[in-house]
There are 2 protein chains.
Amino acid sequence: MSVAVTPSAKSPAPRDTQRIYSIAELAREFAVTPRTIRFYEDEGLIKPRRQGTQRLYSAGDRARLGWIRRGQRLGFKLAEIHELLDLYQVDRTGVQQLRELLRRSRSHVADLEAKRRDLDAQIAEFKEVEAQVEAELKQRGADPESD
Amino acid sequence: MSVAVTPSAKSPAPRDTQRIYSIAELAREFAVTPRTIRFYEDEGLIKPRRQGTQRLYSAGDRARLGWIRRGQRLGFKLAEIHELLDLYQVDRTGVQQLRELLRRSRSHVADLEAKRRDLDAQIAEFKEVEAQVEAELKQRGADPESD
DNA sequence: GTTAACGTTTACGTAAACGTCAATGTGGGT
DNA sequence: ACCCACATTGACGTTTACGTAAACGTTAAC
């Protein structure tokens, strides 16, 4: 099978595959500090190349960083994100390992779908609030769209 | 207008509206410890009645607790949840206040919808993993559904 | 040649959200 | 009268995810 080993939502322009990034550059792009990126490395989430003492980030590293950040936005702990990222790396040769991967993936998807139910419920509630407030403003002859 | 002041996703059986709950009872129901519930109170998120020194929780308190927990599952900080809960309580008499409420509500909904995009993207990725692993197992003549 | 902008490691500090005692009170059953 | 389950208020400890400062090296600009 041999699938992409590095996660990527939408391949980030195939010709930038060779680019390398400095820590400050990635920090800016993902709105974090260099400290944060080094911290992720301490936790084993990314392993950039080194040129002497300096870190050099590949397109793959960049993708992992994006993935980590998205995981965080979804409320996962770094340890959980670590495990999830590992799912892309695990040995897929044995049938038992494939089954285990399938099991974990399904379990995670179930988590995510539960989260989506929570999310949709909150969205519905606040849309309801909006509708009521808009109606009330209209009824008072005020334009809901002006500040 | 005068809408329900207490949030509730699906009114929790209208005749249990009078029930009162002990801290341990709510702790069990929401899978937290009493300590956690007291902590929420310290943070001003719930204000149960007291019978002497003991806390008595109403159906409204229970609903708030559920709301808090859902907010946490969605990755919001308690301080944010506090603000959001306040949106149900704020004075809706003035037009300016209605506008402000509308603004905040829309902003929050935008947050939630961004989160849903992240969520859907991750779900899609893992479903893709599942599909690939299932295909690989089938091709090897193994049943993906057996353990 | 020094200032500036970037990089490094080491180490201590911090905010959030509780956990974990300890000491104490209270109400019900036997 | 005694035990047990449950309640209370402090107060200190813990985990996670970094922030912040110190002390230092490297490259480029002026």
Side-chain angles (χ1 to χ4, degrees), chain A residues 19-58 61-62 64-86 108 111 115 118 122, chain B residues 19-58 61-62 64-86 108 111 115 118 122:
Chain A
R19 269 210 59 183
I20 67 163
Y21 305 82
S22 74
I23 194 168
E25 201 171 355
L26 289 187
R28 273 190 302 275
E29 177 173 0
F30 293 103
V32 298
T33 67
R35 169 71 173 101
T36 297
I37 300 183
R38 292 192 198 102
F39 179 74
Y40 294 161
E41 185 177 348
D42 287 346
E43 299 296 295
L45 290 169
I46 30 181
K47 310 178 199 297
R49 291 167 37 210
R50 298 270 183 148
Q51 178 181 265
T53 160
Q54 267 185 334
R55 292 165 174 85
L56 298 181
Y57 297 87
S58 69
D61 293 328
R62 174 173 169 274
R64 286 178 73 91
L65 232 174
W67 212 92
I68 293 166
R69 290 262 98 200
R70 193 182 66 188
Q72 286 196 298
R73 288 195 300 273
L74 292 177
F76 294 102
K77 286 185 283 186
L78 288 184
E80 298 172 317
I81 295 174
H82 197 161
E83 283 190 48
L84 292 173
L85 276 172
D86 282 355
H108 182 54
D111 275 17
K115 200 160 287 197
D118 282 336
Q122 263 222 26
Chain B
R19 270 210 60 184
I20 67 164
Y21 305 82
S22 74
I23 195 168
E25 201 170 354
L26 288 189
R28 273 191 302 274
E29 177 172 0
F30 293 102
V32 298
T33 69
R35 169 69 175 105
T36 297
I37 300 184
R38 292 191 198 103
F39 178 74
Y40 293 161
E41 185 176 350
D42 287 346
E43 300 295 295
L45 290 169
I46 29 181
K47 308 175 199 298
R49 291 166 39 209
R50 296 271 182 147
Q51 178 181 266
T53 161
Q54 265 185 331
R55 292 165 175 84
L56 298 181
Y57 296 87
S58 70
D61 293 327
R62 174 172 169 274
R64 285 178 73 89
L65 232 174
W67 212 94
I68 293 166
R69 289 263 100 200
R70 193 182 63 190
Q72 287 196 298
R73 288 195 299 273
L74 292 176
F76 294 102
K77 287 185 283 186
L78 287 183
E80 297 172 316
I81 295 175
H82 197 162
E83 282 190 49
L84 292 172
L85 277 172
D86 282 355
H108 182 54
D111 274 19
K115 200 160 286 199
D118 282 337
Q122 263 222 26

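Just so you know, these numbers use all the heavy atoms, side chains as well, and skip hydrogens, waters and symmetry mates. Here is how names work: the chains are called A, B, and so on, in the same order as the sequence lines, proteins then strands, and each is numbered from 1.
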To the side chain of [X], which of [options] is closest?
X     : options               : result
A:Q72 : D:dC18, C:dG7, C:dA17 : D:dC18
A:I23 : C:dT8, C:dA11, C:dA17 : C:dT8
B:T33 : D:dG19, C:dG7, C:dG19 : C:dG19
A:F39 : C:dC6, D:dA17, D:dG19 : D:dA17
B:L78 : C:dA17, C:dA11, C:dT8 : C:dA17

Any base atoms under 4.0 Å from [X], or only sugar-phosphate, or nothing? Heavy atoms, all strands.
X     : answer
A:R55 : sugar-phosphate
A:R69 : sugar-phosphate
B:E43 : nothing

Tell me whether the side-chain N or O atoms of A:R35 pair up with the base of D:dT20 as donor and acceptor below 3.5 Å, since no angle test is needed here. yes
Gap between atoms [atom1] and [atom2], on [X] and [N] respectively (whole Å):
X     : N      : atom1 : atom2 : answer
B:F76 : C:dA17 : CZ    : P     : 13 Å
A:E80 : D:dT15 : CD    : P     : 16 Å
B:D42 : C:dA17 : CG    : C1'   : 12 Å
B:I37 : C:dA17 : CD1   : P     : 16 Å
A:R50 : D:dG25 : CZ    : P     : 17 Å
A:E25 : C:dA5  : CD    : P     : 18 Å
A:Q54 : D:dT27 : CD    : P     : 8 Å
A:L74 : D:dA17 : CG    : C1'   : 17 Å

Charged N to carboxylate O under 4.0 angstrom, A:R19 versus A:E25? yes
Please report how far the helix from C:dG1-D:dC30 to C:dT30-D:dA1 bends, comparing the axis fitted to its first five pairs with the axis fitted to its last five, to the nearest 10 degrees. 10°
Say whether A:Y40 and A:R69, considering side chains only, have a donor N or O and an acceptor N or O under 3.5 Å apart. yes
Distance, nearest 0.5 Å, that separates [atom1] of [X] from [atom2] of [Y]:
X     : Y     : atom1 : atom2 : answer
A:I23 : A:E41 : CD1   : CD    : 7.5 Å
B:L45 : B:R64 : CG    : CZ    : 7.5 Å
B:I37 : B:I68 : CD1   : CD1   : 9.0 Å

Using a cut-off of less than 4.0 Å, is there contact between a side-chain N or O of [X] and OP1 or OP2 of [N]?
X     : N      : answer
B:S22 : D:dA7  : yes
A:T53 : D:dG25 : no
B:Y40 : C:dA17 : no

Short question: side chain of B:D111, backbone of B:H108 - any donor-acceptor pair under 3.5 Å? no
Does the B:E80 side chain pair with the main chain of B:K77, one donor and one acceptor, at a distance under 3.5 Å? yes
The side chain to side chain contact (heavy atoms under 4.5 Å, CB included) partner of B:F76 among B:R70, B:K115, B:H82 is B:K115
